[in-house]
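A, B, ... follow the sequence lines: proteins, then strands. Residue 1 opens every chain. As a basis for the values below, the full set of heavy atoms in this structure was taken, side chains included, without hydrogen atoms, waters or symmetry mates.
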There are 2 protein chains.
Amino acid sequence: MRILGIDPGSLVTGYGVLEKNGADILHVDSGVIAPSPRKLFSARLHEIYTNLGILLKKFRPDEVAIEEVFFAQNVRSALKLGEARGVALLAIENQGLPMFEYSAREVKQAITGYGQADKQQVQKMIQRLLKLPEPSAVDASDALAIAFCHFQSRKMKSYDRAS
Amino acid sequence: MRILGIDPGSLVTGYGVLEKNGADILHVDSGVIAPSPRKLFSARLHEIYTNLGILLKKFRPDEVAIEEVFFAQNVRSALKLGEARGVALLAIENQGLPMFEYSAREVKQAITGYGQADKQQVQKMIQRLLKLPEPSAVDASDALAIAFCHFQSRKMKSYDRAS
């Protein structure tokens, strides 16, 4: 079972690919899509969409987990974030993959046990949980956390079914 | 010169195609893309994106005008609107078309002479300006108004250059 986690953003979109092997959750790949801010915004959307399409074809995940957003600084930033998130959802939809959404709070809770954890705490725990030699870039780490959260959530669901 | 106007929305995306022939601005086509609300949101985004792609190929506009958004009821609705707007921007970017953005206030000002005009006033003026036998659906009318506003704006720009 392979999961792609996505943390969409209007400036930087993080991604992380995890694979479950028996009881182990292994890091396959992670990184960021960060189009030049000097490009037109529509060209940046095109870059996010195209690169996610390439990643989906390269890593062929079974499922995709993406951050669900409830808050933004203001309407303007919510719109820009929505635009980036929209093209990410479209890239996933194109591949017909099952998609699951988790709030930042659920992800932080799943990774650190604390729903208000900051990005650095998540980064450290992700490094430890996945036995990475170095901490990932913050946006890549967030995407790995979303994918990890989805594995945890699947585990709970199957536990529920078994009990 | 042919213009496609787009009024993106998370539920209904309006479109309108206008063509300038001498001094006349003629209605070519208009309508709405309204995916079933029972579909998954990502499938609705896919429908907006695919249908806009078909319209762009069918009508081959020279330029596209789209509503610029500054306000939304709340962050949640701004995000959903952004998602729909993001896939619309992507469809335009795919065709490499020049794109122009106008605020609702600029559009209303251009059509009715009053920046606070309501949708019904815009609808009536668009019907009169384009000599339509019946008023268009509100979202189609808004899209026609955006395209019309762009023609007006181009006229002012060329006037500026000539003076």
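- Look at B/Glu101 and B/Arg85 and you find a salt bridge, because one of the NZ, NE, NH1 or NH2 atoms lies within 4.0 Å of a carboxylate O, short of that distance.
- Interface remark: of the candidates A/Val69, A/Asn94, A/Leu79, A/Leu40, A/Leu79 forms the most heavy-atom pairs closer than 4.5 Å to chain B.
- When each of B/Gly82, B/Ala43, B/Ala84, B/Ser77 is scored by its heavy-atom pairs under 4.5 Å with chain A, the top score falls to B/Gly82.
- The side chain to side chain donor-acceptor pair (under 3.5 Å) test with A/Tyr102 is passed by exactly one of A/Lys108, A/His150, A/Gln152: A/His150.
- Side-chain atoms of B/Asp62 come within 3.5 Å of backbone atoms of B/Arg2 as a donor-acceptor pair (strictly under, hydrogens ignored).
- B/Glu68 touches chain A through its side chain: at least one heavy atom from C-beta onward sits under 4.5 Å away, while N, CA, C and O do not.
- Between the side chains of B/Ser42 and A/Glu93, at least one donor N or O sits under 3.5 Å from an acceptor N or O.
- Counting heavy-atom pairs closer than 4.5 Å to chain A, the top residue among B/Lys80, B/Met99, B/Gln73, B/His46 is B/His46.
- Using a 4.5 Å cut-off on side-chain heavy atoms (C-beta onward), A/Val64 and A/Leu56 make contact.
- Contact count against chain B (heavy-atom pairs under 4.5 Å) is highest for A/Leu89 among A/Asn74, A/Ile48, A/Leu89, A/Ile92.
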